[in-house]
Number of protein chains: 2
Amino acid sequence: MADINSNAKNGASGGGETASGAPPTGDGSAVKDPIWDIIELLFFAYRDFVGDPDEVLSKLAFGRAHHRVVHFVKRNPGMKVADLLDILNITKQSLGRVLKQLVDQGYIVQKEGAQDRRQRLLYVTPKGEALSLQLAQLQTERIKRAFGELGPGAHEAARRFLTAMIDGDNREGVLRQIARADRAQSRS
Amino acid sequence: MADINSNAKNGASGGGETASGAPPTGDGSAVKDPIWDIIELLFFAYRDFVGDPDEVLSKLAFGRAHHRVVHFVKRNPGMKVADLLDILNITKQSLGRVLKQLVDQGYIVQKEGAQDRRQRLLYVTPKGEALSLQLAQLQTERIKRAFGELGPGAHEAARRFLTAMIDGDNREGVLRQIARADRAQSRS
DNA sequence: CTATTTATGTCAGCCATGTTGACATATTTT
DNA sequence: AAAATATGTCAACATGGCTGACATAAATAG
């Protein structure tokens, strides 16, 4: 919500480019002045970041959707299909398409739930884990390079920034998921 | 619940890196240990970030592709079509589809180049500028909220982190584009 | 025990946005 | 005059979202 859109209604009015009829804040910046640099840096940084795995994926005739599935299953072994849908925020039909390929080609297996036999719990196979790690390492190289260029504390600063950028609603769940996955990894 | 089965180790499957056979670094972390937290936080943060404008866009029957075009034309008034293609990294056919709609509906105009009359230089109309600003402000709210939760220096830290995450090749060009656009904005 | 709900899967079709390839037009450069 | 450049367009196809309808098995409620 937060429909703070008073600015956008000047469609017929302001002939020129004088976009800043914004109230001053004392420090010279308007309340609603867009933070252009972060908006654009995020765009370019994320584009490069998600592009790293593309070459490997395309050799397998996979796309980014396959990457996301393998990634989260590797991180959350034994997760329910419904949980994966929640994380990815897509429909079961969309998931089904890529999941079927990953299962057919031996990257992921589904096991009947022990207590609830309707569930098809998801696990990566060794092959799936290897792929997941290979892709994660490509992205990790970029992150490590970045942290290397910045001073110490860069990791912590990045973590805090990114966490603060997540919706308040999701934030707790995301952090819980990461913590749980980290524990699972260390036990494997 | 969720017995978090300890998962398969790395199989003989090819291509991948061996799961945990990484050389030690002395600080306990392996050279190739994936930096899971940043990888996942970037995914969730970026998803929320680009999702902010969706509601506004869908009311206009526009998508994220339209957003990107209006954004960069607003930021770089008078840019050549070829420059926009370079920034977006898409083909002219993909651009053509959304650009045509934006021109037809009065968000963008194209003017013949003065020196080179083959060029169709791109400008936002007042309507286009209003839309661009409205969308940028939605994203800015999120960024400001994040910076408000973090201490002072958060903006600078985020800028440095995101810049370092960009390909070395692109980085200079991106920074130049941002600086040029900032100058153009302040002149308007 | 029967009825309902839940977890998952599947078919069919549509949409947004990316791709390649071929070709057209106007204009500038050689 | 010929070649290169900037842009646009048509056609076909790929990926990965979506909705709606329906199917099955298992758990749960009455």
Side-chain angles (χ1 to χ4, degrees), chain A residues 43 46-47 50-51 53-55 57-73 78-104 108-123, chain B residues 1-2 43 46-47 50-51 53-73 78-105 108-123:
Chain A
F43 172 75
Y46 191 77
R47 183 222 299 231
V50 295
D54 281 350
E55 198 181 344
L57 289 167
S58 75
K59 279 179 189 153
L60 302 171
F62 286 159
R64 291 174 183 179
H66 302 83
H67 180 190
R68 290 191 286 270
V69 170
V70 170
H71 173 97
F72 284 109
V73 174
M79 75 192 308
K80 298 193 304 174
V81 170
D83 292 340
L84 183 53
L85 290 175
D86 277 350
I87 285 181
L88 296 178
N89 229 350
I90 60 176
T91 59
K92 62 179 173 178
Q93 294 92 330
S94 294
L95 173 60
R97 222 164 6 199
V98 296
L99 184 54
K100 186 175 191 316
Q101 297 176 284
L102 289 167
V103 169
D104 287 350
I108 286 181
V109 287
Q110 294 182 273
K111 300 185 190 171
E112 196 171 74
Q115 322 102 307
D116 188 335
R117 289 169 43 228
R118 290 171 304 182
Q119 298 171 346
R120 297 296 138 84
L121 306 183
L122 300 164
Y123 299 88
Chain B
M1 28 151 66
F43 171 75
Y46 192 77
R47 184 223 297 233
V50 297
D54 281 350
E55 197 182 344
V56 171
L57 289 166
S58 75
K59 280 179 190 155
L60 302 171
F62 288 157
R64 291 174 182 178
H66 302 84
H67 180 191
R68 289 192 286 272
V69 170
V70 169
H71 173 97
F72 283 109
V73 173
M79 77 191 308
K80 298 194 306 173
V81 170
D83 293 339
L84 183 54
L85 290 175
D86 278 352
I87 285 181
L88 296 178
N89 229 354
I90 59 175
T91 59
K92 61 179 174 177
Q93 295 91 329
S94 293
L95 173 60
R97 215 160 13 197
V98 296
L99 184 54
K100 187 175 190 314
Q101 299 175 284
L102 289 167
V103 169
D104 287 350
Q105 298 180 44
I108 285 182
V109 288
Q110 294 182 276
K111 299 185 189 172
E112 196 170 72
Q115 322 101 310
D116 188 336
R117 290 170 42 227
R118 291 171 302 183
Q119 298 172 346
R120 297 295 136 85
L121 306 184
L122 300 164
Y123 298 87

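Heavy atoms only: backbone and side chains are in, while hydrogens, waters and symmetry mates are out. Chain letters run A, B, ... following the sequence lines, proteins first and then strands; every chain starts at 1.
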J.: Counting any heavy atom closer than 4.0 Å, what does Asn89(A) reach on the DNA or RNA strands: base, sugar-phosphate only, or nothing?
T.: sugar-phosphate

J.: Can you check the Gln101(A) CD to dG16(D) P distance for me, whole Å?
T.: 8 Å

J.: Quick one, Phe43(B) with His71(A), criterion side-chain contact (heavy atoms from CB on, under 4.5 Å). Give me CA distance, side-chain angles, the key distance, then yes/no.
T.: CA-CA 11 Å; Phe43(B) 171 75; His71(A) 173 97; over 6 Å; no

J.: Atom CG in Leu88(A), atom CG in Leu99(A): separation rounded to 0.5 Å?
T.: 10.0 Å

J.: If you pin Gln93(A) and Arg64(A) to their nearest nucleotides in DNA chain D, which one's is more 5'?
T.: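 Result of the comparison: Arg64(A).
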
J.: Output the rounded distance in Å from CD1 (Ile90(A)) to C1' (dC15(C)).
T.: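 Distance, rounded to whole Å: 16 Å.
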
J.: Expressed as a whole number of angstroms, how long is the span from Leu99(A):CG to dG16(D):P?
T.: 14 Å

J.: Whole angstrom is fine here: how far is it from NZ in Lys80(B) over to C1' in dT5(D)?
T.: 9 Å

J.: Of all the choices, dA26(D), dG9(C), dG16(D), which nucleotide is nearest to the side chain of Asp116(A) once you look at every atom?
T.: dA26(D)

J.: Whole Å only: how far is the CG atom of Leu60(A) from the P atom of dA14(D)?
T.: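 My rounded result for the distance is 19 Å.
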
J.: Which one, dG8(D), dG17(D), dG18(C), comes nearest to the side chain of Arg97(B)?
T.: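 Among the listed nucleotides, the one closest to the side chain of Arg97(B) is dG18(C).
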
J.: In this structure, are over 12 heavy atoms from other groups packed under 6.0 Å from Glu55(A) atom CD?
T.: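 For Glu55(A), atom CD is not crowded (no more than 12 foreign heavy atoms under 6.0 Å).
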
J.: Any side-chain N or O of Ser94(B) below 4.0 angstrom from OP1/OP2 of dT17(C)?
T.: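 Ser94(B) to dT17(C) OP1/OP2: no side-chain N or O under 4.0 Å.
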
J.: Identify which nucleotide among dT17(C), dC18(D), dT27(C) has an atom closest to any side-chain atom of Arg118(B), counting heavy atoms from C-beta outward.
T.: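 It is dT27(C).
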
J.: Give the rounded distance in Å between these two atoms: CG of Asp54(A) and P of dG18(C).
T.: 14 Å

J.: Select base, sugar-phosphate, or nothing to describe what Gly96(A) touches, counting heavy atoms under 4.0 Å on all strands.
T.: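 Nothing: the residue Gly96(A), judged by heavy atoms under 4.0 Å, touches no strand.
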
J.: In terms of side-chain heavy atoms of Gln119(A), which of dG9(C), dA7(C), dC18(D) is nearest?
T.: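 The answer is dA7(C), which lies nearest to the side chain.
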
J.: Go through dA22(C), dA12(C), dT19(C) for me and flag the one nearest to the Thr91(B) side chain.
T.: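 The nucleotide sitting nearest to the side chain is dT19(C).
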
J.: Kindly compute the distance separating CG (Leu85(B)) from CD (Gln93(B)), expressed to the nearest 0.5 Å.
T.: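 Nearest 0.5 Å value for the CG-CD distance: 9.0 Å.
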
J.: How long is the line joining NZ of Lys92(B) and P of dT25(C), in whole Å?
T.: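 Interatomic distance, NZ of Lys92(B) to P of dT25(C): 14 Å.
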
J.: In terms of side-chain heavy atoms of Arg120(B), which of dT7(D), dT10(C), dG18(C) is nearest?
T.: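 Looking only at heavy atoms from C-beta outward on Arg120(B), the closest nucleotide is dT7(D).
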
J.: Check whether any side-chain N or O of Arg68(B) sits under 4.0 Å from OP1 or OP2 of dG18(C), and answer yes or no.
T.: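 Yes, Arg68(B) has a side-chain N/O under 4.0 Å of OP1/OP2 on dG18(C).
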
J.: Yes or no on side-chain contact (heavy atoms from CB on, under 4.5 Å) for Lys92(A) and Val81(A), after CA distance, side-chain angles and deciding distance?
T.: CA-CA 8 Å; Lys92(A) 62 179 173 178; Val81(A) 170; 5.8 Å; no

J.: Round to a whole Å and report the spacing from CG of Leu95(A) to C1' of dC18(D).
T.: 14 Å

J.: Taking only side-chain nitrogens and oxygens of Gln110(B), does any of them come within less than 4.0 Å of OP1 or OP2 of dG8(D)?
T.: yes

J.: Give a yes/no answer on whether the side chain of His66(B) brings an N or O atom under 4.0 Å of OP1 or OP2 in dA16(C).
T.: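 Checking His66(B) against dA16(C): no side-chain N or O falls below 4.0 Å of OP1 or OP2.
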
J.: Compare the minimum distances between each of dG16(D), dT27(C), dT8(C) and the side chain of Arg117(B), then state the nucleotide with the smallest one.
T.: dT27(C)

J.: Given the rule in the side-chain contact (heavy atoms from CB on, under 4.5 Å) test, do Asp83(A) and Phe72(A) qualify, once you have shown the distances and angles that lead to the verdict?
T.: CA-CA 10 Å; Asp83(A) 292 340; Phe72(A) 284 109; over 6 Å; no

